[in-house]
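FYI, side chains are in, hydrogens and waters are out, and symmetry mates aren't considered; it's all heavy atoms of this structure.
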Amino acid sequence: MATASPRTPGARTPRRSTERTRPSVFWPLSWVVVPLTAIFAKIEIIDAHKLPQEGAYVLAPSHSTEFDPLIVAVAVWRMGRAPRFMAKESLFKVPVLGWALRATGMVPVARSSSASAARQTIEASEILVEHGRGVIVYPEGTLTRDPDLWPMRGKTGAVRLALADGIPLIPMAHWGAQDILPRYGRLSFWPLRRPVQVIVGDPVDLGEYAGKGTQPAALVAGTDRLMNAIAQLLSQLRGVPAPAKRWNPSEHGQKETGRLEP
């Protein structure tokens, strides 16, 4: 089993974020979401200190079940930061839901055109830096298609967002949520409080791609580096080596978005 990495003796403890202690709309949400999630999952967080406690960041988790967002949100909240996700732009136009998304600072994703997406990426990164917020981005864009639930080939959005303003890109993996809600399966109510491990990795080194956030080759290379980092974290949790190559849906006649049909 993976264990938390010890701190360097004499290292300065980073100042804790005020996102949990400052009153916000996240408070009432946490009163509902945290206890509800705890009924199904007993979450263990490994290397929590690697999530920045100050400033902007992009958190890129693995994604293998529809239960994942609850696991990630609770883990991030427990680590002292407010869990803000990327959300489809169309959701911001839905009454009530749109207000909730805006009130919690969720980040809209434009899918209408590449130019629109690029413009919103720059705007989103500037807002993150200005307000010192983090955002959670699933780099695969959907549940992994890999039959063994390893991370598949990623999309470039997380790297594009990180490069736009030099924001730390933090990989994350978790294992156990698939036993609570299998991919496209039914929620398992028993046994309660199944163990789920969450591990946070070191920031992905994107230094060689700095200033190249609009170049496709740099975005793809950076995304490959990110997906490999996530796969290695998941390998630590599962105790088995990750595949050397990421699953490519197009090579297996699969759509890269939407529900995976058997």
Sequence neighbours excluded and cut-off under 3.5 Å, please list the side-chain donor-acceptor pairs for residues 198-205, or say none.
| from | atom 1 | to | atom 2 | distance (Å) |
| --- | --- | --- | --- | --- |
| Asp202 | OD1 | Lys50 | NZ | 3.4 |
| Asp205 | OD1 | Gly207 | N | 2.9 |

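The minimum heavy-atom distance between His63 and Thr65, with the atom names listed, is CE1-O, 3.5 Å. For the pair Ile230 and Pro171, the tightest heavy-atom approach, listed with the atom from each and the gap, is CG1-CB, 3.8 Å. The minimum heavy-atom distance linking Tyr57 with Pro52 is given by the pair CB-CG, 4.1 Å.
Side-chain contact between Pro139 and Lys155 is absent, with no heavy-atom pair separated by less than 4.5 Å. Considering only heavy atoms from C-beta on, Leu143 stays 4.5 Å or farther from Ser64 through its side chain. Between Trp77 and Val74, the closest side-chain pair of non-hydrogen atoms is not below 4.5 Å. Counting only heavy atoms from C-beta outward, the side chains of Asp165 and Leu128 never approach each other to under 4.5 Å. Side-chain contact between Asp146 and Pro151 is absent, with no heavy-atom pair separated by less than 4.5 Å.
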Output, in order, the C-alpha distance, side-chain angles, deciding distance and verdict of salt bridge (charged side-chain N to carboxylate O under 4.0 Å, His left out) for Arg225 and Glu208. CA-CA 12 Å; Arg225 183 171 296 182; Glu208 64 184 281; 2.8 Å; yes
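The backbone N or O of Leu219 lies less than 3.5 Å from a partner atom in the side chain of Thr223, making a donor-acceptor pair. Not a single donor-acceptor pair under 3.5 Å links the side chain of Glu140 to the backbone N or O of Gly154. Checking side-chain atoms of Arg183 against main-chain N and O of Thr144 turns up a donor-acceptor pair under 3.5 Å. In this structure, the side chain of Arg246 engages the main chain of Pro243 through a donor-acceptor pair within 3.5 Å.
Put simply, Met79 and Leu29 are part of two different groups of oily side chains (I, L, V, M, F, W, Y) that touch within less than 4.5 Å, one to the next. Tracing side-chain contacts under 4.5 Å through hydrophobic residues (I, L, V, M, F, W, Y), one never reaches Val220 starting from Leu169; they form parts of separate clusters. Linking Ile, Leu, Val, Met, Phe, Trp and Tyr whenever their side-chain heavy atoms come within less than 4.5 Å leaves Leu192 and Val32 in two separate clusters.
The aromatic rings of Phe40 and Phe67 stand perpendicular to each other, their planes meeting at an angle above 60°, with 30° marking the opposite boundary.
The line from CE of Met172 to CG of Asp47 is 11.0 Å long, rounded to the nearest 0.5 Å.
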